[in-house]
Every structure is written in structure tokens, then in C-alpha cells.
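Note sheet for the following structure.
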Amino acid sequence: MATTYSANDEKKGNNLFLTLVRFRELSIMIIILLLVILVSIRNPAFLSIENFRDILLNISILVIVALAQTMVIITRGIDLSVGSMIGLVAMMVAFVTVSFPEMSPLVAVLLGMAIGSCLGAFNGFLITMGGVPPIIATLGTLSIYRGLIFVYSGGQWVNSYEMPDGFRALAKGAPLGIPNIILIAAVVAVLVHLFLNFTRPGRDIYTIGSNPDAAKVAGVNVTRTTFMVYVISGVLCGLAAVLWASRFESAQTNTALGFELQSVAASVVGGVSILGGSGSVLGVVLGAFLLGIIENALTLVRISPFWQLAAQGLLILTAVIVDSAISRRLQRFGGES
Amino acid sequence: MTSKQSLGDFFKRWEWLLVLLIFLVTIVNARLTPYFLDTRNLMRATSDFMELGLMMLPMVFIIITGNIDLSVASMMAMCASLMGWLHMQGTNIWVAMAAALLLGLLAGFLNGYLVARVKLPSLVVTLGTFAFYRGMAYALLGDQAARGYPESFTFLGQGSIGSIRFPFSAVLFIIFAVIFSLILYKLKFGRYLYVIGNNEEAGFYAGVNVVRTKLLIFMMSGFMSALAGIVLAARFGSTRPDIGTGLELAVITAVVLGGVSISGGSGTMIGAILALVLIGEMRFGMGLINIPGQGQNIVIGFLLILSILIPHVGRELTSGNVKVNKAMVGKTAVALIMIALFAIFFFWSRTLLIA
Amino acid sequence: MNDKIPVIRMRHVSKSFGGVHALKDVQLDIFSGEVHALLGENGAGKSTLIKVITGVHQPDEGEIDLNGERVYFNNPREAQHQGIAAIYQEPSLFPDLSIAENILVGRQPLRGGRVSWGQMNKEAGALLKRLGVDLNPRTKARNLSVAQQQMVEIARALSVEARVLIMDEPTSSLTSNEVDELFRITKQLRAEGTAVIFISHRLEELFALADRVTTLRDGEYVGTREMADVTTEGLIQMMVGRKLDDLFPKQAVEIGEVVLEVDHLSVNGAFKDISFKLHAGEILGMAGLVGAGRTDVARSIFGVKPATAGEIKIDGETVEINSPQKAMALGIGYVPEDRQNHGLILPMTIGDNVTLPMLDTYATKGWLNPKKEKAAAVEGVQKLEVKAYGIEQKAAELSGGNQQKVVLAKWLSTNPRILILDEPTRGIDVGTKAAVHGLMSNLASQGMAILMISSELPEVLGMSDRILVMREGLLTKEFDRSDATQEKLMMAATGTVEAALP
Amino acid sequence: MKKISALLLLVLMIGVLAACGSTEPAAAPTEAPAVAEEAAPAEEAAPAEESGSKTYVFVPKGLGIPYFDTANKGAQEAAAELGVAVTYTGPATADATEQIQVLNALIAQGVDGLSISANDSDALVPTGKDAMESGIPVVSWDAAIAEGGRNAHINQADAEGIGVVQVEMVSDLIGGAGQIAILSATSTAPNQNEWIEYMKTELEKPEYADIELVTVVYGDDEDEKSYNEAIGLMRTYPDLKGIISPTTVGIAAAARAVQDQERVGEVFVTGLGTPNQMREYVKSGAAPAFALWNPADLGYLSIYALNAIATGQIEGKPGDTFEAGKLGSYTIAEDGSVLLGAPTVFNIDNIDDFDF
């Protein structure tokens, strides 16, 4: 999947298969387009620039975390602890910023990423050195990290009035005309794309997910790469946590509760195979965008709040089924003898 | 391959380890608090875990086949909500209950169909229905709570038997635990579960009806979730659409702690039941010494990880496959240093605001 | 390069897994510019030895010298850096990656610090061209045939500029043209000074290619010979440790009634219009190249992939077989080609594997009866002389030959009237092979109808009463036992014009 | 050698776990008390075992919510005055199932009284009954346990009063005409649902004829969800003039959303909130006025009521009267509830007088 764009840089569209693969992201685009058309007929306010800015604002954090989740899923793992990591880092960073109000927001970001990397390292350690399956290790740290938030704060929240202005402006400020948080998410997406496609460690991630045994035999350092992926997941969650605390101007014991399932949903809707080995940044960004649009649209077309969750679940389910149907057909076209 | 073998051997011993742990926890609890070894108290605590237990039974089946069902708690809420909704419309409670069970079967069928026939990964399917079913619960009841169940019905959740007040829900659990154990060990259906978990394709070639088997276990899961929802509604005397939020992770935790391999193919029913008892005892014991829920979660989280980690390290030690390996020690050291740094920062920074 | 110093020199190498010796005091000398065959029955330790050389396993004892220098590989990476490359029996490609990346995995060319896809495709294309393979380097490995995958593996091995190239049964899934191609490349490499370690169960291949041969038996070193000095019998004796009387003990049997009749059977995209009759007591051989559709025919008869057109008749009655259960109920058994994935459930016990298809029979009123089950398993295992500690042993721990015996025991326990054997002796050592052939002959003489698919022509010729040949999804030719020869079969299978016949 | 390195690895692992989990030593239940200390540093010291002195437990809907922490302060104040011990413990999340587990453990310990804010008014009835049968008096506060499951309920303000005051506030803010919406907590929250009912009734009165309630949405008492819902409201209803959020999480999120969307002065937020949380928005004009009772007083009163019942001063029957320290004397009403008083309205004039 990810090889697509780059391969196309070289020679354009001379290969039927490549065009079809590109079609795979197209399928999400088509779903998005249909949804946009339908919703804007019901409520023209949907098409306003402000509304799209809101949608982008809302999905920025999800994009960052879903990209982290994607890298983990490509290696055939899963990181269920992302929500708890965000909560814990948000709380710790919030505590520090409240204690040192004059601290630069940039330091807060770096601090959050550093704390996140430690949490991710613990996950990676359990998985690579301890032989604990990813789903179990991160299910355990889901509880542990969430519990640590409470241990840490003793149940206190950090509220918006306690936070320094500089920190609050971190996510919301828009010195370049576009809110920082959207810019940061976009930069992360580009960096992850470059990392996955144009560095050896990035390619190793796909290699491991595609065939772990063969990767080991082929001389890929599976342990180190896997460890690294969980650390990256922690780092990106740390970044997301700081942005979260800044955007919502609070750190609570239940911050980002249940976010792990949202991030997995965004990845899966974005065409990342839960069986590992494939997935692209563009797909995941589109997947998160689709989820954002669904949530936004359900409010705008005034669906009863009681039906919103059901509709959301149904749409996600449909997206996954449609996507798998399309990709299965693609594989047949792809020339299976 | 050899690791699989010793894994199997290990799990034969795993149940004994659980028994030992339960024994230990009992002693410690009894020493820490005089209230622990009190029949009445134990019975009261028992009824808190029966819904979890009922949903755990089919989850053992599902995980043995290498699948997972994240939608159990949502199905539970949806079915209980349907029952409550019907009851409020004036339907006879027993009819409503039957409808809830039927809906459970249907919900399980949808999961099973998508997994077995459409061949989507169970994690993806049940992640979708996790949201969908929970949403249906809200759609049914909205901001209402269904209440006013007759006493004959609430007996299912609140009733007890004998002078020691043995909860009726526990009787229900025992009956189903026996049934599910018999299915697993005494019917070919049970053997098929292990076959599917180990090598689905070879099973298919040997005449195992893989599709039907998978469909059935997901339907069982739906049915038992509905039953758990009914018991919970009876225990509460009311139904709200948000009941049992997050319970799916507790169910999976119990199953994995019970020694069922998350990648499928191995595990026992008795192990899962023992794990349920262990978790129940530990939570009750910690509750008695007023450890808040978050603290309990940390302990259970570590227990879950250690239950896999310690046997793994033990195996590495005994198999002699561990090498003097600079890289390995290096990585361990890096992880260790990072975690140590985190710990230092954790304790230092919290002193800033909490005096 | 000095021939006196071997590229690889191994002495006293031992390795055990969980207390069981896989290698015991093994020695090996490989010189550059030679093709060195490694011979032994399944379980003799060939694969373990290779994995020690490539750094997948680390020896418990003993030493390895590379060009006279002591080495110790902690992992495959270190071995690769020293110029050791391997092609394993099972293709180990990355289905989600492109061919180019598969070839250059872990060594993607960098330009200015970033992976250069153009460079990568160019390098891979050049390698493929050198191999004479026409493949687009951008194609994903998922879409390749087995043979093409094998070629990519070879290209990968070439790309590391290997000093030592190890090939573990590279020919088992190749057609003869592809085998020729492989041999050509191998010889070319030898001429360039590469040391090649070659493993194959097909002795004729060794004679065609190898310079020297080292034999292992039960994890121990037996000896090294010049290929020119040995005979087939000699090799077999070294391998088995005794003389083998008869590899194809086919008894003459009276052919009975038609049991199975296949009429214009088709599966879209796999095969078309297949018609044949199978009689009681008959062994019907089915020859053809890999990918000719033979396995698809077997699978559709067994209901794994039901036919899209045509009829199957059993005892003259048309039946519809849409699942293996149905086929089993009709008395059909199928020993699949892929033993590890389709034949056995490796992590489960021998007993569980043997009784699986007929669990109902071992149940009383629906409840499984462990005693009956055990008795049946023990009986099946004993009848086939499976070498194991007991029926509680895991199938994964058995050697290939014994695994195949368990698969046979499993299917015989269903008392089939029609038995389909798909590559029944692939990857099995010579001793077990003879035993399997003996068993087939016996079963046929008891009136069982056997359809045998095999890519080994001597086996087809030696065991079959009649032989069908398939090519590209069509039935091209039928031979009687008496007038079939290796050449005729080959021509029918490859579609060489009739005029070429002598 | 191998064994040594393997051992080394094991030691490292244990070291790691010890380093990370030094306060929560995992599986070993023997060390569990250490967790208790660390896990609840805000919690008061364990119940004193002095003879004669009673130990009550003050149970919130969920731990880690400032509103309940503030209430606990009042409860502790009352405890000090009465010379009793009050423990503060509850479920990790605001969930009835978990709350019942906590309560069962408390009942098993035979505490002297329970003061509970219920996650589910019906679900807690059997548990409450069980407690009372075991001789443990039960008082609910903030969110009631249904009758039959408690001796008395301490009402922060009567539901109708809460509903009315919020409608009055919003009417004042938007000048008596225009579209308004309600941003509630979870759709199942009994308090909020009751208040919303009263608001709807109140809005039917002729003086509010020009006010249109367009919708009720739910932020689930999660900051992020509430924030997004509030933005969604403004987007969906461009003419929206007012948002009532009868929950402390929702009102702050809504006010911030108005600020972030730069709609201050066009959309007004009101409802129930705490002064500290809302100070900024009162000053900015996003939420010029809001109401709340003092949660500390609520906790304070509930402990006095509980103590009165537990010590046998009153039986908890309607008409019983008891003294509640600084708050004066209270009488149990016909439905078994005790009314704290009218809610305080906070605005720019008085906001700086409060700190909670």
C-alpha cells in the first residue's frame, strides 16, 4: 500500500495493479464524498469553512494517535493503552505547567513526549523482552496507566483557570492562520509518511508485519524495531496528550477514556489490515476524517442523540465491510492464479 | 514448536498455580480483615461477579478458537434495554425476557455471520458492533430507566437460597459453568474449538464445520450476554442503557488470566473459572481494606501481565535458550533506565501540587 | 582462493532442543566453487545444521570457521554480513511488499539518507534479468506463483553477493523447466566461485548438480563422498543405514467395479472438463506440472472447493459434494498436499489428530468416550508403525515421514472406499517412502480405490495402474501402466509436440 | 553462562517492575495496603478504631471528580465537629455496578453509616436495604437512592427550584426571546433528567413564550464530548442564543466552546457550575451567571443527618428534626428528604467571594 505513491513517483500508472491499489484509498474518498453531499443537502451549514475547520480541529488528535496505532498494527500488534497514556501524560504535564507557569509550551511538548516514550518503552519491553502478547500487555497497562493517573493526582483535576495562557494557546493559537493543532497533526502525518516509506526502520515495520518469521531470517532486527514502534506510539501519545490538555484546557482522571477503540477504529476504517503488513498514512488520515465527518454530520442533520451512537457504530461497520469487499475484489484482480 | 509443547505442559500446571494463589489470597485477606471470612459477606461479594462469569463462559470458547468478542457488554446492555423497554410498554416480563434472549442470539448471529461467513477479523467486527449494540441500547431507552420489575423477576438477581443466602445468580452460573464445561470436554463441538484455534484449515479438511462452529459460539456469546443483562437488571431492579460499560475488558482479563491463550488453541474452562474466583476474591479483599477502584485496577493489570511474563521468563530460563547477548542486555537497560526516569519524575512532580 | 582452506569448516557441532539432540558432533567442510549436497532422511538434522550456519540457531557446542576464522553468529544478520545467504524450503517472502523490496529487504538502497525506490527497482530488475525471469519489480509478492516466489528468493540470495549460498529443497515446488533454469544459475554461481550447499530428496538432482555429498543420519555425521564415486544405492544406504529392497512394491490386483466417476467437472479458473473413472482396487496416478490443476481436481472431489460445473458419481449415482463432511460421508478420504497446514493440527496430539474426522464414532450417545478414542488412535498408529513416544505426543514433534503416517492413519480410520493421495511422499525420506508405497499397494489389494497425485515421475510410474496427465487445467492424456514412460509423461505434461516422440 | 544471563534478565525485569510499581506491588496482596496509602493520598486516615467513636463512609458517584471532592471537605468538617471519622471512598468510574461492589465491601466491614451519592437510584435499593438490615443507616445525598433503599435523602435544592432558577437565568441573559438548548450530562443521569423536566414545564409558562428549546444533547460529563457537543449546537442552530448546562463539566466546556468560537455576547451559557471553574467565563461574558448550592454544605449536612440517625437521635421518619451544626436545624420532609436550601446564583458581583 505504502509503496504506491513512491513507486508512482518513478513511472506513472503503467501498472494496472498500482492504479487499483490507489483505488483502495479512493473508496474511502468516495464514501466521504457521498456523505458530504448527503449531509450538505440536509443542512447547508455543513459545507461552511468554519465547520470543516471544526472537523479538522476535532480529528487532529485522533489523527496523531491513529497514526501511532497504525504503526503498531502494521507490526501485527495493538496498543490498547493509548487512551491511558494520553490521560497520564496530560495529567503529569498539566501538573508541571501549573507549577511552572512561565515554562515555555515547547518544553511542555517535549516533556510530554519524553514521558510518553517511557510509557511506550514499558509496553515495548513487556512485548519484546517479556514475551507478552501485545493485546495482553497493553490491556494490562491500560489499567495500570489509568490507575496511575489517580495515584498521581489523588483524584484532583487540573482546570482551565489554573493553566497558564501560553500553554492554552499552544493548541488553539493560529499564528500562521491555521490553528497550531491542525498544523502539528499535518506535520506528524507527513513525517510518519516519510518515515514509513523512506527509511529502513520504517520499511522494517512493514517487513515484520508482513511475515515476522521471514523478517527475522532475513536479518531484520525484529526485537529492536518492535520495541521502537511501541516507543514511537508512546511519544506520539505524549504529544497528543499535551495537545489534548491544551485544547480542552483541562486534565482529568478520565481524560481520553476509551480513546484506544477510537484510534483502532480510525486505522481500520482507513484500510489498515488488522492482520498486519499493510496500511498507509493517507488511508488513516482519511479514516479519521470519515469518523470526524460522521460525528459532526449526525449532529448537524439533527439525529436524536440517542440514535447517534447506534448510527455511528453502523456506519463504521458498513465502512469496514465495504472496504473489505473492495479489497478482496482488488486482490482477485491483482492476478491470483 | 517445542515452545508450544512446554506451553501446553505449563498450562496443565497453571490451574494449580491459580489454586495456590486463591489459597494465598484467602489467607492474606482473612488475616488483613476479620470481615473477609464471613459467609454472608462472601455471598454478597459473589453476586457482584456473576454477570461477569456468565459472559466469561462463552468468551472462553471464542478465545480458544483464536477470536475475540468485544461486544459482550454492549449486547448485554442492548438486550437488557429491550427487555426494559418491552416491560414499560406493558409486555409480560417473562415474554420480554424471552425476547431479550432472542435478541442476544440475533446479535451474536450477526457477529458470527460477519466473522465466519464474510470472514472479517473478529476484532474488527466486534469493535463495530461494540458501538452499534451500545447505541441500540440508548436508542431503545434514551434517557429513561426501565424499572418496576415484579419481585418474581428480581429474584433472578437478588434472590438467594438457604440460610447462608447462596445467591440465585450463582446457582445459575454454576449450572451454566457445568454445561459449558461439558460442551468443551465431552462433546465433539468442544474438540472442534481447539482444532479451529490451532489450525482452522486442517480442521476444515478433516470435516470440521468451521463456519457453523464459529457461528454457534458467537451466538452463545450473544445469548449469555443477554442472560447476564437479565440477571443484572434483576439485581438492580432497573435497566439503564449504560450498564456494564467497559465490562468486556474485565471478561477478557479473566479468561486470559485463566490461562487461555489469546492466540487460540489452548486453555481450560476450570482455569478461567478459577481466575474469576481469584479476581473476585482480590477485588473484594482490596475493597475491604478500602483500596479504591483505580488501585485495584493497577493490581489486576499487573497480575494479568505477570501471569504471562513470569511463565515466559521461566521457560526461557529452563530451556537455556537465553544467550549472553549484549544487545539484549542493552535493550533491557535502556527500558529500565527510561522506566526509572519516569518513576523519579512521577514522584517528584506530583509533590509540586499535592502537599 | 586457496582450496585448502574451506569457506566453511564446522567441527564437533552439537545442538539440542529441550534435551533432544538434533545435531551431535557434526563436521562439515565446504569449499568455494563447489556444489555440496547435504543428504539425510527427514529429521536427520539437515535443517538444523543449516540454521546453525545461517545464525538462526546457535550451536550448543563446537566451532565454525569461516575462511579459517572462528565465527559465532548471534542472529541471521551477522551471518548475512559475512556473506552467507539461504533459500529455505518454504518461501519466506513478504506478501505485502513489492518484489524489489523483497529482494533487497533490510538493505534498501539509500540516497541522501532516504530509501530510493527508483534505485531499488533498478537493482532488483537487474537481478531478475540476470536470472532470466520476466517479472515487474513493483508487483506485490502476494500475487506471485510458488515458482515465481522461489525465483524472488533466489534473487534475494544473489543480491547479497553471497560467498556461501544454501538451498534447502529449492526444487520441490518447481516445474522441470524452472528446475533447469535453477541449475543453470547454480552452475553459473559455482563458476563464479560461490560455495553452494544444496539439499534435495531427489537423488537424480544431486547427481546432475553436486560435486560432493555429506550425509547425516539421526543428527550424526555419516560421511562425505565425491559425487562421482557414489551410486544411488550407496547413497540410500548411507542415509538409511541399511539396504532398501524395493521402493515401489506394487502388487498386481484385480481391478473391480467403477467406484468414482467424474464427468466434465470444472472449477472456474482452475480446471475444465475433467472426466475419468476410478475402479475399486485401482491406483490411478495423476501426473502433471505444479499448477496444472491436479490438486484443484482433488479438492473439488473432496468438497473443499466444490465444482462449478459437471458431475461426480459414486457407484453410478450422481452426488453433490459441497463440503468435506459430505465427501467423508460418501466414503472419500483426502490426504492433502500441504501436510503442515491442511493435513495436521501440529500443536495437538497424535491421538487428537487421528480421531478428529470420526469423533462421532468414538462417542457414546453424543458424549465423547476417551477410552474408545484412545483405542482407535493406538490402533491406527500401530498399524502404520508411527515412531512416537505415544499418542500423547504432539504432532509437531514428529519428523515429516511420521507426520505423514499420522495423516494416513487419520484417513484410514474413516474407512474410506476412495482415497485421494496428494503428493503422498513429498519431503519424506526414502525409508518412509517405501513404507507408504507398501501401504498403498496393500490398501488397493483390499479393494480400495486410490487416486494418487504426484510430481515424482518414478513414483507415478512405479505405483499406478493407470496414469492421467493434466496440463493447464485440462486432462491431456491417459496412459496404461504398461506403455507409460517418463518421457511420454513429461511430454504430455509440458505439451511438447507429438513429433518429438521417438 | 546462559543461566547467569537469563537470571540477570529476570533480576532486571523484577527491578523494572519494582521501580515502576514500587507503590503497587502487583500480585502480592500482602503488600496491598501500600497501594491503599499511595492510591488515595487525598483520602482521610483509615477509620480510627477508638471505642465509641463512629466511622461513617462518604461515597461519591465516582472518585476524582472535583465536585465530590468539595463535598467531602464539608463532610470532613462535620466529622471534626462531631468527633467521628468519615472515610471517603468510591468507585473508580461513575458506574452503578462498581459502586455496588464498593458498598458491599463497606457493608461487609460493618461501618457505622453510609452517605451515598447514587449512580442509579433503583439499582442501589437492594444494596441499601441490605445495609439497613445489617444495622447500617443509609443516607443518600446529591443523587437519591429510591425510597426503600435509604433512611433519608439530603436534597441540594428541590428539583423544581433548580429547574426554575436556570430558566430564569437564561431568560435574563438572552433578553426573554430566542432559541436555547440544553447540554446535559449522561442521558441516564437521574438528577439532570428531573431538572430538565422541570425546565420544560417552566418554559411552557406564558412569560417564556418567546423562548424556544430546540434540543437536549448529552456530553456524558466528559470534557471533550461536552465541548464538541456545544460546538455542534452552535453550528446546527446558527440563531442559538443560550445554552443551559445543568452539570459542572458541561457548563465549563460550553463556556469555553463559546469563547473559542468567538461567540461571546451572541451565545450565553448558564446552568450549574463551580465558581473556580467558571470565574474566567463570568468575567469574559461567555457565562455571565450560573447557579449552584455549596457542595461542601451538602456533604456537611449529610454527615450530620447520618450521625443523627446512627446515634438514634432521630429515626429518619418524616417530621423528625435534627441540628446540623453551623447550618442550623432541619426537618425531614414527607418523602423522606431533607432540603439544603435555595441554590446560590453567582455572577460578576459575587463570584470572587467564593473559592471552591
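Letters A, B, ... mirror the listed sequences (proteins, then strands); counts begin at 1. These values consider heavy atoms only, across backbone and side chains, with no hydrogens, waters or symmetry-generated copies.
- Your options are A/Ile274, A/Ile316, A/Ile136, and the one with the most heavy-atom pairs under 4.5 Å with chain B is A/Ile136.
- For a residue to count as touching a neighbouring chain, one of its non-hydrogen atoms must lie under 4.5 Å from one of that chain's; by this rule A/Ile135 touches chain B with the side chain only.
- Ranked by heavy-atom pairs under 4.5 Å with chain A, the first of B/Pro121, B/Gly128, B/Gly301 is B/Gly301.
- Residues in residues 130-139 of chain B take part in no side chain to side chain donor-acceptor pair (under 3.5 Å) pair, two or more places apart or across chains.
- A/Thr138 and A/Asp79 are not linked by any side-chain donor-acceptor pair at a separation below 3.5 angstrom, with hydrogens and angles left out of the test.
- Heavy atoms closer than 4.5 Å to chain A are found in the side chain of B/Leu114, but not in its backbone.
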Side-chain donor-acceptor pairs of residues 70-80 of chain B under 3.5 Å, sequence neighbours excluded:
from	atom 1	to	atom 2	distance (Å)
B/Ser71	OG	B/Asp69	OD1	2.7
B/Ser71	OG	B/Asn111	ND2	3.0
B/Ser74	OG	B/Phe130	O	2.7

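- Proximity to chain B (any heavy atom under 4.5 Å) is shown, for A/Ile149, by neither the backbone nor the side chain.
- At a 4.5 Å heavy-atom cutoff, the contact between A/Thr141 and chain B is made by backbone and side-chain atoms alike.
- For A/Arg224, the CZ atom is loosely surrounded, since the number of other residues' heavy atoms within 6.0 Å does not exceed 12.
- Between chain B and the options A/Leu261, A/Val96, A/Thr318, the largest number of non-hydrogen pairs under 4.5 Å is found for A/Leu261.
- With chain B as the partner, the residue from A/Val269, A/Leu111, A/Ile78 showing the most heavy-atom pairs under 4.5 Å is A/Leu111.
- The contact between A/Val268 and chain B is made entirely by side chain atoms (from C-beta outward), counting heavy-atom distances below 4.5 Å.
- Neither the backbone nor the side chain of B/Ile300 comes within contact range of chain A; no heavy atom of the residue lies under 4.5 Å from a heavy atom of that chain.
- Only the side chain of A/Leu88 comes within contact range of chain B, with at least one heavy atom under 4.5 Å from a heavy atom of that chain.
- Considering only heavy atoms from C-beta on, A/Tyr145 comes within 4.5 Å of A/Asn123 through its side chain.
- Within 6.0 Å of CD in A/Glu295 there are 12 or fewer heavy atoms belonging to other residues, nucleotides or ligands.
- Taking the six-membered ring where the residue is Trp, the centroids of B/Phe346 and A/Tyr152 are separated by under 6.0 Å.
- Of the atoms belonging to A/Ser117, heavy atoms from both backbone and side chain fall under 4.5 Å from chain B.
- A donor-acceptor pair shorter than 3.5 Å cannot be found between the side chains of B/Asn297 and A/Ser143.
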